[in-house]
Amino acid sequence: MSSVEGLVTQIQGRSSTASDVLLLQNLLKQADDSLHSESTREACTAGPVTKEQASSFVLIIARFISSCVAEQIRLAPDKFMSVCKRFKDQVLLLEEPLRGVAPMLTAIRKLQSSTEHLTTLHPEFLLLCLLAKCYKTGLSILEEDIFDVDQPRDLFLYCYYGGMICIGQKHFLKALELLHNVVTAPMSTINAIAVEAYKKYILVSLIHPGQFSTSLPKYASSVGQRNLKNLCLPYIELANSYGNGKIADLETYVQANKEKFETDNNLGLVKQVVSSMYKRNIQRLTQTYLTLSLQDIANTVQLNSPKEAEMHVLQMIQDGEIYATINQKDGMVRFLEDPEQYKSCEMIERIDSSIQRLMTLSKKLTIMDELMSCEPLYLAKAGRERQRLDFDDFDTVPQRFNI
Amino acid sequence: MEGVEDASNPMMEEMYVNGIGGVDEAPSSSTSTTTRKNRPIISGEQLDIEAYAGLYTGRTKIMRLIFIADHCDNPGMQLEALRMAYDEIKKGENTQLFREVVQKMDGRSGPNYSMDATWCSMVDRKAEQRKEKLENELNAYRTNLIKESIRMGYNDFGDFYYSHGALGDAFKSFIRTRDYCTTSKHIIQMCLSAILVSIEMGQFTHVTSYVSKAEQTPEALDPPTVAKLRCAAGLAHLEAKKYKLAARKFLEVGPELGNLYSEVIAPQDVATYGGLCALASFDRTELKNKVIDNINFRNFLELVPEVRELINDFYSSHYASCLEYLGNLKSNLMLDIHLHDHVETLYDQIRNKALIQYTHPFVSVDMRMMADAFKTSVAGLEKELEALITDNQIQARIDSHNKILYARHADQRNATFQRVLQTGNEFDRDVRAMLLRANLLKHDYNLRASRKL
């Protein structure tokens with residue numbers, strides 16, 4: 001520590017003259033390195049740490065993270081990341097994940113070169129959020145779009161944990177999007193994260209949009225397309241029986257395979273799937289009927305009594321999933337049209353902001369396309385394969401890349 | 001029920017012209033008691049087997065009789081059909097079918113109709129001899145390389161196999177004549193034989209291909225042949241469940257068909273199949289132009305006045321009587337060898353069309369009146385309408401409390417806005433995912449490239 005103080009006085013002394021700025025830079029670098037080496041040394045030598053030592057260690061690291069400078073960190077990202085990883089391990093050892101959430105957040109902000117950059121710390125952070133059950137902080141990170149990835153593995157974990165957080169907050173659409181990214185990401189071999197993500201993906205797609213197609217889109221990796229289905233058979237069966245529309249069958253199936261779902265920790269989701277089936281059936285009724293008696297609703301949706309039907313419909317009205325009024329005197333439900341007239345200022349603002357967003361996005365796409373077409377590796381490959389591929393697509397590749 | 005059996009008479013080959021008066025209406029209201037020579041064969045009354053069988057010749061007569069025997073519930077009718085089949089088979093040379101029919105009869109029709117083993121063995125022996133003779137002749141012709149004789153030889157072989165029930169061999173022999181056909185008349189003959197055998201075998205893909213082949217030689221086509229080819233094409237489409245195409249083909253058949261194609265189809269059948277398929281698949285304008293105003297087809301419809309009546313009723317929105325005619329015809333149509341698989345589907349389609357047509361011009365419809373018009377209960381009607389609405393064939397909503405159906409026209413403006421917002425969201429999501437994937441791929445590629453270097 002004394003060397004640091006000495007350094008500090010030296011720095012303060014030399015900050016006056018301009019020619020000393022270079023010297024100052026070197027000194028600062030030294031300071032930075034020594035600070036780093038100290039902490040890493042400490043982290044590496046930490047090894048098996050006892051609980052008391054762990055809590056003090058945690059405190060030191062937390063303070064370090066909050067006080068370190070972003071640019072310096074970015075010069076030595078690996079060391080910083082390993083420090084943070086150790087930090088996370090210690091926090092988990094102490095079984096107080098909540099203590100690690102805020103420091104980790106600051107760490108991420110400092111390590112990122114831009115908000116679109118995914119670092120290795122992101123999944124760690126999300127894991128801590130999950131364990132600490134503070135989903136809202138996790139959500140704030142998830143709001144940002146990610147375009148730049150260091151390691152594919154980070155992405156998988158990030159999207160998987162992110163999906164779980166969104167499910168916890170009942171943002172099913174976002175969860176679906178994240179899980180979809182995992183499932184369709186390019187991979188050369190099947191990995192366990194993708195399999196687990198696929199299982200959750202099936203369940204969430206049954207809860208929210210209510211349909212599920214067993215074929216993955218064409219851009220999913222071939223490895224995924226071939227193997228994912230086979231590894232998640234009970235879930236595919238569940239999706240099929242959901243598609244048939246009979247609640248009794250669905251429930252018997254769930255009962256029969258309860259253990260399998262439990263071992264995957266998916267039983268809660270499965271129960272939500274079953275309850276979403278009632279909602280799906282009631283929604284279909286709004287398409288064909290203007291008014292319908294509660295008794296008929298109960299019969300069509302296979303509920304036990306009109307009272308239950310009333311409860312379901314009431315819940316759905318409150319959640320904003322259908323528009324209806326219940327007439328208790330006659331026991332009738334009157335279905336109304338969506339009152340949105342698309343004439344209000346809010347709607348105009350919404351459309352406008354949507355348009356702006358999409359314009360920036362497509363500009364980004366064009367830029368990326370241009371960058372890609374100048375990339376030497378790409379041009380080399382396209383030049384080589386020119387004979388095999390369509391002439392028109394690759395006409396822009398210069399001839400010198402033909403080998 | 002009047003004495004249907006009395007209408008049997010020897011003059012079966014004539015086309016039956018519509019009688020006077022009472023035959024048009026539903027049987028319950030028919031008051032005439034005199035038996036008429038000219039009674040329509042396919043009607044709501046119980047099928048007159050002799051009259052029906054008289055419409056056909058050759059193998060299809062036997063097959064149809066056996067089919068009727070297999071599928072009707074009435075044991076009297078069954079036995080009669082089998083007996084007629086027996087007599088018809090005895091006139092021919094098909095011992096296989098003979099054995100089958102005798103087994104089905106099981107001695108129930110008396111000693112005259114039992115297993116005649118001597119006849120069987122005699123026929124088989126003659127068959128052997130004839131086959132040898134044909135083979136020798138064919139070999140002789142082949143060595144002499146006379147095209148016309150070889151063609152005739154193969155044709156004879158084809159006929160021989162056909163009459164003995166070996167349909168596969170018959171087909172092959174007829175096909176072999178293709179290499180030796182010199183004029184377009186020969187080609188037409190080959191195609192017609194091939195079509196006949198394929199229909200008997202039930203392989204309608206061949207039928208379609210040979211019909212198109214025959215139609216490609218227009219110079220040798222005379223009107224009866226054209227009509228025959230159209231019938232065959234219509235049958236093929238019917239089997240393939242392409243009811244609209246089948247209807248169009250049957251409606252194009254000209255009156256020169258007569259009963260020239262009795263080995264395959266009778267003009268009554270053309271009328272029935274064409275009429276029902278058209279009703280199930282055409283829209284109103286097409287129905288009017290091609291069926292009701294079609295003078296040629298009117299001649300055919302005269303033979304099956306009930307079908308004519310039900311088409312007219314449908315067009316003039318008298319749905320109750322239309323559906324009543326359909327119901328009466330059903331039992332007889334189920335005995336038809338080509339139509340019985342399709343009766344249910346066609347009936348459902350016709351009924352749905354009737355429901356849709358009924359609701360089309362109204363803003364609101366009282367479901368009780370509609371249920372009366374369709375002779376069904378309100379609850380049943382509600383279920384049917386629900387299915388049609390879910391299927392998006394009727395744009396309406398049901399007020400289940402007051403039992404009224406309200407037409408509902410989608411608000412284009414709102415729907416457009418909704419779609420716009422949704423498309424925007426999807427684009428956003430997809431492009432972001434795509435950029436992410438591109439990034440991952442680039443990473444992967446960089447990794448691989450750097451490893452290679």
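Order of the sequence lines fixes the chain letters, A, B, ..., with proteins taken first and strands second; residue numbering starts at 1 for each chain.
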Nearest 0.5 Å please: distance from the [atom1] atom of [X] over to the [atom2] atom of [Y].
X      : Y      : atom1 : atom2 : result
A:I351 : B:F417 : CD1   : CZ    : 5.0 Å
B:N402 : A:T291 : CG    : OG1   : 6.0 Å
B:R432 : A:E177 : CZ    : CD    : 4.5 Å
A:L173 : B:N425 : CG    : CG    : 7.5 Å
B:E386 : A:D296 : CD    : CG    : 9.5 Å
A:T288 : B:E382 : OG1   : CD    : 9.0 Å

Quick check on [X]: does its [atom1] atom have over 12 non-hydrogen neighbours (other residues, nucleotides or ligands) under 6.0 Å away?
X      : atom1 : value
B:H340 : NE2   : yes
B:M369 : CE    : no
B:Q412 : CD    : no
B:K383 : NZ    : no
A:K174 : NZ    : yes

Open item on the list: Please check this pair: side chain of B:R413 against backbone of A:Y342, looking for a donor-acceptor N/O pair closer than 3.5 Å.
Closed with: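 Side chain of B:R413 to backbone of A:Y342: a pair is present.
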Open item on the list: Treating B:R437 as the side-chain partner and A:A185 as the backbone partner, does any N or O pair qualify as donor plus acceptor under 3.5 Å?
Closed with: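 No, because the side chain of B:R437 does not come within donor-acceptor range (under 3.5 Å) of the backbone of A:A185.
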[X] versus [Y], closest heavy-atom pair with distance:
X      : Y      : answer
B:I389 : A:Q287 : CG2-O, 4.1 Å
B:H401 : A:D330 : NE2-OD2, 3.8 Å
B:L421 : A:R350 : CD1-NH2, 3.8 Å
B:R397 : A:Y289 : NE-O, 3.2 Å

Open item on the list: Which atoms of A:T184 are under 4.5 Å from chain B, going by heavy atoms: the side chain, the backbone, both sets, or neither?
Closed with: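 Answer is both: backbone and side chain atoms of A:T184 are under 4.5 Å from chain B.
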- [ ] Measure A:L155 against the heavy atoms of chain B and call it side chain, backbone, both or neither at under 4.5 Å.
- [x]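 The side chain, not the backbone.
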Task: Pair B:M434-A:L365, side chain to side chain contact (heavy atoms under 4.5 Å, CB included): steps then yes or no - done: CA-CA 9 Å; B:M434 202 162 67; A:L365 191 59; 4.0 Å; yes
Open item on the list: Looking only at heavy atoms and a cut-off of under 4.5 Å, which of A:T286, A:L361, A:N181 has the most pairs with chain B?
Closed with: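 Ranked by heavy-atom pairs under 4.5 Å with chain B, first place is A:L361.
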